[in-house]
Amino acid sequence: KQQMQRMGPLPDYKFEMPIRPFSTICIDFLAPILVKDTVRHKKATRSATKTKVFPLIAVCLHTDSVHTLVSTSYSTDDLLCQLDTLFAIRGTPERIITDLGSQLTKAAELTGDGDTAAETQQVPLAQLEARTAHQGIKWVQALSQTPWRNGKAEAAIKSLKRSFGNLTKGGTMTYSELQCLLLRCC
């Protein structure tokens with residue numbers, strides 16, 4: 001007897017027509033990257049001071065187009081600022097899919113409200129939904145520790161890391177050089 005491949009049901013929004021690019025996006029943070037400060041501080045030594053930045057990747061679910069942004073922290077405010085930048089360039093999406101992994105829940109853990117771990121993981125999504133409700137954005141949460149549920153973003157991160165490794169020369173870059181390099185990798 002011939003066997004058919006078994007596959008889980010795909011969400012309805014995968015088949016909506018017509019589709020505007022970046023109307024449904026998957027987002028995720030990459031690991032932090034050290035960059036040189038472009039302004040030297042008076043008390044700094046001869047070497048430039050360094051700071052961490054956090055690349056954010058947005059992948060169009062329908063066209064697989066990738067857009068990268070660089071955030072200065074993992075905070076909800078910085079995430080929303082970077083998303084506003086993305087919306088200004090690509091248009092406001094109808095739906096955002098994210099895994100709300102350790103990077104996106106870090107801001108909630110730092111609030112110190114005494115919430116349990118399960119409650120803490122729900123705080124960022126509630127904050128994000130509340131602060132973007134006026135734009136009509138629907139947030140879809142993929143469970144943490146399930147990278148296959150946010151597969152487009154995870155695959156784009158893997159590809160971006162490979163390209164990034166091939167293009168870097170081992171030195172520390174400035175913020176603007178990193179932005180340029182991430183855009184070249186896309």
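- When all heavy atoms of Arg90 and Arg20 are compared, the pair lying nearest together is O-NH1, 3.4 Å.
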Could you walk me through whether Gln135 and Phe87 pass the side-chain contact (heavy atoms from CB on, under 4.5 Å) test, one step at a time? CA-CA 10 Å; Gln135 295 171 303; Phe87 302 163; 3.8 Å; yes
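- Contact record, Pro93 with Ile25: CG-CD1, 4.1 Å, taken as the closest heavy-atom pair.
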Pair Gln141, Asp99 - check side-chain contact (heavy atoms from CB on, under 4.5 Å), show working. CA-CA 6 Å; Gln141 178 182 0; Asp99 61 1; over 6 Å; no
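- The CG atom of Leu79 sits 9.5 Å away from the CG atom of Asp84 when rounded to the nearest 0.5 Å.
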Take Val35 and Thr51 through the test side-chain contact (heavy atoms from CB on, under 4.5 Å) and record every step on the way to the result. CA-CA 6 Å; Val35 295; Thr51 187; 3.8 Å; yes
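- When all heavy atoms of Lys152 and Cys26 are compared, the pair lying nearest together is CB-SG, 4.0 Å.
- By the 4.5 Å heavy-atom criterion applied to side chains, Ile137 and Arg95 are not counted as neighbours.
- Between Phe164 and Leu181, the shortest heavy-atom contact is CE1-CD2, 3.3 Å.
- Between the Ser75 side chain and the Asp78 main chain, a donor and an acceptor come within less than 3.5 Å of each other.
- Taking CD1 of Ile97 as the start and CG of Leu61 as the end, the distance is 5.0 Å to the nearest 0.5 Å.
- Tracing side-chain contacts under 4.5 Å through hydrophobic residues (I, L, V, M, F, W, Y), one reaches Leu167 starting from Leu182; they form part of the same cluster.
- Here the straight-line distance linking atom CG of Leu83 with atom CG of Leu56 works out to 6.0 Å at 0.5 Å rounding.
- Side chain of Thr132 to backbone of Leu128: a donor-acceptor contact under 3.5 angstrom is found.
- We find the OG1-NE2 distance between Thr85 and His67 to be 8.0 Å, quoted to the nearest 0.5 Å.
- Minimum interatomic distance between Ala156 and Ile57 (heavy atoms only, all atoms of both residues): CB-CD1, 3.6 Å.
- Between Ser23 and His62, the closest heavy-atom pair is OG-CD2, 3.8 Å.
- Under the 4.5 Å side-chain criterion, counting only non-hydrogen atoms from C-beta, Leu30 is in contact with Ile157.
- The structure places CD1 of Ile89 at 10.0 Å from CZ of Phe22, a figure rounded to the nearest 0.5 Å.
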Where do Val140 and Ile96 land on the side-chain contact (heavy atoms from CB on, under 4.5 Å) test, with the steps shown first? CA-CA 6 Å; Val140 179; Ile96 299 176; over 6 Å; no
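- Between Phe54 and Tyr74, the ring planes lie tilted relative to each other; the angle falls in the 30° to 60° range.
- Atom-to-atom distance recorded for Lys161:NZ and Cys185:SG is 12.5 Å, nearest 0.5 angstrom.
- The number of heavy-atom neighbours closer than 6.0 Å to CZ of Arg184, taken from other residues, nucleotides and ligands shown, is 12 or below.
- Considering Arg131, Gln82, Gln127 in turn, Arg131 is the only one that fulfils the side-chain hydrogen bond (donor to acceptor under 3.5 Å, both in side chains) rule with Asp77.
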